[in-house]
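First listed ligand is number 1; within each ligand, the first listed atom is number 1. Keep in mind that this is a model prediction, so the values were computed, not measured.
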Amino acid sequence: MNKAEKLLFGTAGVPLSTNPRDTVNAMKRLRELGLDAMEIEYVRGTFPGENKARLIASVAQEQNIRLTAHGPYYINLNADDPEKLKNSRKRILKTAFFGGLSGAESITFHAGFFLQQDPVKVYRRISKELEDLVVEIKKMDVDIDVRPELTGKGSQFGSLEEILNISKDVEGIKPCIDWAHLHARSGAFNTAAEFLTVLDTVRETLGEEALKEFHMHIAGIEYTAKGERKHLNLDESDFNYKELFRVLKDNGVCGFVICESPSLEEDALILKNYYEKI
Ligand SMILES: [Zn+2]
């Protein structure tokens with residue numbers, strides 16, 4: 001990631017008010033709205049052609065929009081079925097390849113599921129897979145951050161500790177912090193003091209530098225004892241985004257803020273406007 005000097009606010013996918021609604025037009029729409037970033041969504045497993053990807057990169061540059069990419073939902077680096085594992089690897093490699101070609105600086109994805117196995121064993125397995133993937137991505141000559149996401153359910157690999165430890169243990173891996181997921185896992189992490197403990201843990205585990213190149217997701221969220229249920233608009237949720245952004249500003253955190261609320265650009269703008277007023 002090219003270091004951002006500040007927080008860059010953007011949408012998870014094409015803003016709803018883009019017309020016609022495609023990735024190239026999205027960049028112009030984001031600029032009109034006064035947003036700075038977008039996450040390209042490969043979540044359904046479809047990728048652009050190479051020419052389209054290059055076009056996206058050039059329009060992004062023209063409009064000064066910074067990009068990240070989200071890999072397909074169907075990824076499990078802990079899959080027992082060799083075919084499923086192979087396809088999961090392929091989907092991450094494609095996300096890096098087409099993301100890189102489109103000018104994205106960082107990719108994120110949900111790394112896998114526990115399948116009721118020993119968490120220590122799963123951690124080791126996913127670490128090994130990520131280690132290999134980082135090597136493969138380098139071989140493709142793609143320069144992009146590889147960031148497994150903090151996930152919203154205990155059945156998925158990706159607690160705060162797992163994501164930070166794997167970023168420390170595996171060279172080339174960095175975290176993607178999803179604040180809504182972190183909150184949904186337990187109902188905690190919704191006060192200034194708790195947000196600050198997250199930043200302190202990041203600082204202790206990965207160094208101050210990690211705070212200068214965050215890739216984060218945010219949305220309102222509905223959750224149960226099992227974790228994430230669905231994303232909500234910020235004002236329909238209990239998420240204390242104001243305290244979060246005060247803590248982020250106090251600590252000089254920089255990087256991508258990708259808004260995943262149903263009302264994508266509206267909430268992204270609420271966050272950006274609030275942050276700038278602090
Ligand atoms: Zn995600």
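Using a 4.0 Å cut-off between charged side-chain N and carboxylate O, Glu32 and Arg29 make a salt bridge. A salt bridge between Asp132 and Lys128 is present, with a side-chain N of the basic residue lying under 4.0 Å from a carboxylate O of the acidic one. Salt-bridge formation is detected for the pair Lys174/Glu213: a Lys NZ or Arg NE/NH1/NH2 atom is positioned less than 4.0 Å from an Asp or Glu carboxylate oxygen.
With the Zn ion (ligand 1) as the vertex, atom OE1 of Glu149 and atom NE2 of His110 span an angle of 90° (nearest 10 degrees).
Residue contacts to the Zn ion (ligand 1): Cys176 brings no N, O or S atom closer than 2.8 Å. The distance from the Zn ion (ligand 1) to the nearest N/O/S atom of His217 is not under 2.8 Å. Residue side and main chain included, Asp178 places no N/O/S atom under 2.8 Å of the Zn ion (ligand 1).
Between Phe195 and Trp179, the ring centre distance stays below 6.0 Å.
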